[in-house]
Amino acid sequence: MTTALPETGIVEFDVRTDEMLVNMGPQHPSTHGVLRLALRTDGEVVSEVEPHIGYLHRCAEKIGENLTPRQWLPYTDRMDYLAGMNMNLGWSMTVEKLLQLELPEKAQHLRVVIAELNRIASHLVAMGAYGLDLGTFSPFLYAFREREKILDLFEEACGARLTYSYLTPGGATADLPRGCTDKCLAFLDQFEAVIREYHTLLTSNVVFIQRTAGIGVLSADMAVSYGCTGPVLRGSGVNWDLRRDGEPFYTRMYDGYRFEVIAQANGDYPQDHDYPPVPREAVLGDCWHRFYVRMLEVVQSIGLIRQGIEFYRTAAGDWGMPIKLTQKLPPGEVYLETECPKGQMGFYLVGDGSSIPWRARARSSSFCNLSITSELCRGCLIADIPAIIGSLDIVMGEIDR
């Protein structure tokens, strides 16, 4: 039905018809895994979205209560399988917190280098896949070209390209191989120039801005109330990053490092680099801002890696020795959250004096970020659903633990 407005000469098109229930997924490519979205629509307008999870559930936490901490480490790789190093780090530091284990200085800097490399790799997948969600294939090829170079470095360090089990309780499984840091610096030199191409392909692209600016606006208050974290939270203007604001047991790993938390303050993002301007169509908390935060965090991670390599080369001690496979866990409980690429990943561990945890649990950032879906999608068009879901950068392996 069309309605003419004689005063302005504008013709309005009514896209509302009969209410329908539409399933998107669990095999739809824009659901980023085995996620099912039940959409209640009135024509093209979405009135309600209900996420259905559980298609990938693997009982990882219950398995963790039947294995020693080192034996359970490979299961953390398979939570956020795009950021396995960060998952390894979170679990390893939780175990170390219970054991009150102090790591050598060199091991701390090695962890910073590895964790930030994986942050870049994860954000590259988020950027490339987001391009696919919105109908362009080129950014996906560009992103995976550079991600492969990071995986080459990981393969040199631990022999694996996806599930690493490299950062372990007590340190790492081995030191970085000779020449690895030089190759890493060479990659960063080449990669910094490529980032400008990404901004041309997506960030400043007129079509991309039209598809993301002003879509799925998440206010700061709503983001906090739903427990959103990571780029989803910072994309709403909340200046919070556990690398700076977390527990001292975690933040001391970044002592002496210089970096900016990417969040808009007083209408501006950090100005420490030459970032593309924010388009006038963008609204703080929309899909464009969530994407933009990840792109800027990549630049910050490059700086952290450069600093980490410099510290690593002159640091005292070694890379840290893994704890024994049957290391006894003292009675007590600990909880620790770390800043992973998707957001805050928390691990809860209870020891009872044996080598098997009495309780092992994980707090998923993607689970909380997904919970906001219904609020963001209410009143949008069906075509906007992939843009909103893609901007959250969820991974189902972390949600369906």
Side-chain angles (χ1 to χ4, degrees), residues 33-34 53-103 107 110-111 114-115 118 122 154-155 157-174 247 249-250 253 319-367 395-401:
V34 282
I53 63 176
Y55 293 91
L56 195 63
H57 189 46
R58 292 164 294 181
C59 305
E61 291 160 313
K62 186 54 64 176
I63 293 173
E65 296 169 7
N66 291 274
L67 299 173
T68 66
R70 275 194 62 194
Q71 287 175 324
W72 195 56
L73 192 70
Y75 288 86
T76 64
D77 281 314
R78 290 153 177 83
M79 290 183 181
D80 182 356
Y81 40 77
L82 299 174
M85 292 293 192
N86 300 90
M87 298 290 105
N88 294 165
L89 176 64
W91 174 244
S92 297
M93 294 193 73
T94 305
V95 176
E96 291 159 5
K97 184 178 178 182
L98 181 63
L99 295 173
Q100 298 182 353
L101 193 62
E102 297 289 337
L103 264 62
L110 182 150
R111 285 182 166 186
I114 294 296
N118 209 170
S122 177
F154 286 166
E155 188 174 14
C158 65
R161 300 180 68 85
L162 185 68
T163 51
Y164 310 105
S165 301
Y166 177 59
L167 302 180
T168 65
T173 56
E247 288 188 43
F249 191 83
Y250 173 56
M253 194 171 83
W319 64 91
M321 296 301 294
I323 63 173
K324 296 178 181 178
L325 193 64
T326 56
Q327 173 75 46
K328 295 290 192 295
L329 300 175
E333 62 177 349
V334 293
Y335 179 73
L336 183 67
E337 289 187 352
T338 56
E339 189 69 40
C340 294
K342 308 290 189 297
Q344 295 175 198
M345 188 70 188
F347 286 99
Y348 175 69
L349 173 62
V350 180
D352 61 359
S354 69
S355 58
I356 307 291
W358 185 80
R359 185 71 74 229
R361 290 288 183 268
R363 185 264 191 202
S364 165
S365 55
S366 290
F367 180 85
V395 62
M396 294 308 296
E398 185 185 300
I399 295 172
D400 290 342
R401 299 180 299 282

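Just so it is clear, the model here is predicted, and its values are computed rather than measured. Just so it is clear, the values below take in all heavy atoms, side chains as well, and ignore hydrogens, waters and symmetry mates.
In this view, N66 satisfies the side-chain hydrogen bond (donor to acceptor under 3.5 Å, both in side chains) rule with no residue, not counting sequence neighbours. Under the side-chain hydrogen bond (donor to acceptor under 3.5 Å, both in side chains) criterion, D77 pairs with N88, S165, not counting sequence neighbours. Partners of Y164 under the ring pair (Phe, Tyr, Trp, His ring centres under 6.0 Å) rule, at least two apart in sequence or in another chain, are F154. Checked against side chain to side chain contact (heavy atoms under 4.5 Å, CB included), E247 has the following partners two or more places apart in sequence or in another chain: K97, L336. For K324, the side-chain hydrogen bond (donor to acceptor under 3.5 Å, both in side chains) test picks out no residue, with sequence neighbours left out. Shown here are the side chain to side chain contact (heavy atoms under 4.5 Å, CB included) partners of I63, two or more places apart in sequence or in another chain: L67, W72, Y75. Residues forming a side chain to side chain contact (heavy atoms under 4.5 Å, CB included) with A107 (at least two apart in sequence, or on another chain): L103, P104. Taking the side-chain hydrogen bond (donor to acceptor under 3.5 Å, both in side chains) definition, one finds that S92 meets it with nothing, sequence neighbours left out. Evaluation of the salt bridge (charged side-chain N to carboxylate O under 4.0 Å, His left out) rule for R161 yields E148, D152, E155 as partners, not counting sequence neighbours. Residues satisfying the side chain to side chain contact (heavy atoms under 4.5 Å, CB included) test with I53, not counting sequence neighbours, are L35, F367, L370, M396, I399, D400.
Distance check, rounded to the nearest 0.5 Å: OG1 of T173 to CZ of R70 gives 8.5 Å. Note that CH2 of W319 and CZ of R111 are 14.0 Å apart. Values are rounded to the nearest 0.5 Å. Note: R58 CZ to M79 CE = 8.0 Å, rounded to the nearest 0.5 Å.
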Contacts under 3.5 angstrom, residues 326-335 side chains, donor-acceptor by atom type, not counting sequence neighbours:
unit_1	atom_1	unit_2	atom_2	d
E333	OE1	Y348	OH	2.3
Y335	OH	E337	OE2	2.6

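Using a 4.5 Å cut-off on side-chain heavy atoms (C-beta onward), C158 and M85 make contact. The closest side-chain heavy-atom distance from D80 to N86 is not below 4.5 Å. You'll find the side chain of T338 stays beyond 4.5 Å of the side chain of F347, heavy atoms only. Annotation: side chain of L82 is in contact with side chain of K342 (closest heavy-atom distance under 4.5 Å). For the pair E398/S365, a side-chain contact is recorded, criterion being any heavy-atom separation below 4.5 Å from C-beta on.
A pairwise comparison of heavy atoms in P341 and A83 identifies CG-CB, 3.7 Å as the closest pair. Shown here for T76 and M87, the closest heavy-atom pair between the two residues is O-CB, 3.2 Å. When all heavy atoms of E96 and G170 are compared, the pair lying nearest together is OE2-N, 2.8 Å.
Applying the salt bridge (Lys or Arg N to Asp or Glu O under 4.0 Å) test between E61 and each of R401, R363, R359 identifies R401 as the sole match.
Checked by atom type and distance alone, the side chain of W91 pairs as donor or acceptor with a backbone atom of P69 at under 3.5 Å. A distance-only check finds no donor-acceptor pair linking the side chain of T68 to the backbone of S355 [under 3.5 Å]. Of the possible donor and acceptor atoms, one in the side chain of T94 sits under 3.5 Å from a partner among the backbone N and O of G90.
Applying the salt bridge (charged side-chain N to carboxylate O under 4.0 Å, His left out) definition to pairs two or more places apart or across chains, none involves residues 82-91.
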I would like to know whether L167 and L73 meet side chain to side chain contact (heavy atoms under 4.5 Å, CB included); could you show each step before the answer? CA-CA 9 Å; L167 302 180; L73 192 70; over 6 Å; no
